[in-house]
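First the proteins, then the strands, lettered A, B, ... as listed; each starts at 1.
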2 protein chains.
Amino acid sequence: MMNYTAFEDCGLKRSLDILSGKWKPLILYHLFHEKEIRFIRLWRKMPRVSKKVLLEQLQQMQEHRVIERIERKGFPPEVYYRLHRDTEWLGPALQMLEHWGKGR
Amino acid sequence: MMNYTAFEDCGLKRSLDILSGKWKPLILYHLFHEKEIRFIRLWRKMPRVSKKVLLEQLQQMQEHRVIERIERKGFPPEVYYRLHRDTEWLGPALQMLEHWGKGR
DNA sequence: CGGCATCCACATGGATACTG
DNA sequence: CAGTATCCATGTGGATGCCG
């Protein structure tokens with residue numbers, strides 16, 4: 001078996017804190033599909049979240065460099081979100097979790 | 001890039017719900033190290049959790065087949081916890097998360 | 001349209017004491 | 001020692017409305 005000493009300072013906890021929550025996995029799902037998605041469109045895909053909460057989740061994910069925010073000036077405003085590069089390479093791990101999760 | 005259609009039914013959300021929380025990542029950490037650990041010993045390693053909460057977390061993890069509970073009859077009672085086999089093969093994914101988490 | 005400000009409900013975690 | 005029962009604090013998510 002592998003050496004799990006790496007868990008010691010619990011980056012694991014930090015990751016899980018960052019990626020989990022009521023809506024973040026769903027957001028991740030959509031961003032893995034669309035690469036770049038406009039806020040209003042993302043919101044329409046998740047009709048059960050309030051705008052406030054969706055925004056909060058997105059902001060937290062920005063702070064943790066899970067996603068990036070792209071703003072195109074003008075009126076009405078246009079804001080897009082996309083995965084951060086660092087998150088893309090996490091894809092395989094997330095897919096394992098996805099697969100594992102289906103068994104429960 | 002990979003095909004992330006697998007996220008569709010959001011096993012990802014289920015996994016993250018199951019593995020995250022205030023103490024579960026820590027519990028996982030200890031179990032990845034010790035393989036089989038007695039309740040009281042685990043508790044002493046996590047002095048800031050109340051016994052009640054620790055027990056709750058362990059029970060939930062049992063229900064989701066993340067860990068197994070082993071009881072050795074007698075008095076005083078002896079109860080051990082260990083990772084479920086299905087969780088062990090998740091190790092690599094968790095290590096990626098561990099590594100990724102350190103960067104934030 | 002994207003983002004805030006309020007106010008609020010409820011689930012989750014916590015302190016403590018008790019039992020077999 | 002392992003597990004339960006109470007009671008309680010608080011944070012996270014939610015409904016709604018306003019603003020540039």
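- Contact between the side-chain N/O atoms of B/Arg38 and the OP1/OP2 oxygens of D/dA2 is found at a separation under 4.0 Å.
- Atom CD of B/Gln59 is separated from atom P of D/dG3 by 7 Å (rounded to the nearest Å).
- With rounding to the nearest 0.5 Å, the separation of CE in A/Met46 from NZ in A/Lys51 is 15.0 Å.
- Comparing B/Tyr81 and A/Ser50, the nucleotide of DNA chain D nearest to each residue sits closer to the 5' end for B/Tyr81.
- To the nearest angstrom, P of C/dA5 lies 12 Å from CG of A/Leu55.
- Both the sub-6.0 Å distance and the 45° axial angle are satisfied by A/Arg104 relative to the ring of A/Trp100.
- Distances shorter than 4.0 Å separate none of the side-chain N or O atoms of B/Lys52 from OP1 or OP2 on D/dT6.
- When the C1' atom of C/dG13 is taken as reference, atom CG of B/Leu54 falls 12 Å away, rounded to whole Å.
- Residue B/Trp23 places at least one side-chain N or O under 4.0 Å from the OP1 or OP2 atom of C/dG14.
- One interatomic measurement links the two molecules: CG of A/Asp17 to P of D/dT12, which rounds to 10 Å at whole-angstrom precision.
- Within 4.0 Å (heavy atoms only), A/Tyr80 reaches no atom of the nucleic acid at all.
- When distances are taken from the side chain of B/Val79 to each of C/dG3, D/dG14, D/dA2, the shortest belongs to D/dA2.
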Side-chain polar contacts of residues 63-79 of chain B - donor-acceptor pairs under 3.5 angstrom, sequence neighbours left out - could you list them?
| unit_1 | atom_1 | unit_2 | atom_2 | d |
| --- | --- | --- | --- | --- |
| B/His64 | ND1 | B/Gln60 | O | 3.0 |
| B/Arg65 | NH2 | A/Gly103 | O | 2.8 |
| B/Arg69 | NH1 | B/Glu71 | OE1 | 3.0 |
| B/Arg69 | NH2 | B/Glu71 | OE1 | 3.3 |
| B/Arg72 | NH2 | B/Glu36 | OE2 | 3.3 |
| B/Glu78 | OE1 | B/Tyr80 | OH | 2.7 |

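- For A/Arg44 and C/dG2, the shortest distance from a side-chain N or O to OP1 or OP2 is not below 4.0 Å.
- OP1 and OP2 of C/dG2 both lie 4.0 Å or more from every side-chain N or O belonging to A/Arg72.
- As a whole-Å value, the separation of B/Arg41 CZ from D/dC1 P is 14 Å.
- In this structure, CZ of A/Arg69 is placed 10 Å from P of C/dG2, rounded to the nearest angstrom.
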Inset, instruction - Check step by step if salt bridge (charged side-chain N to carboxylate O under 4.0 Å, His left out) holds for A/Glu34 and A/Arg41. - result: CA-CA 11 Å; A/Glu34 304 233 357; A/Arg41 182 170 155 77; 2.9 Å; yes
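- Between B/Glu56 atom CD and C/dT12 atom P the separation is 10 Å, expressed in whole Å.
- Nearest heavy atom pair, residue B/Asp17 against residue A/Gly21, reads OD1-O, 4.3 Å.
- OP1 or OP2 of C/dG14 lies within a sub-4.0 Å distance of a side-chain N or O belonging to B/Lys22.
- If you measure from atom CE of A/Met61 to atom P of D/dG13, you get 12 Å, rounded to the nearest angstrom.
- Looking at heavy-atom distances under 4.0 Å, A/Gln60 makes no contact with the nucleic acid at all.
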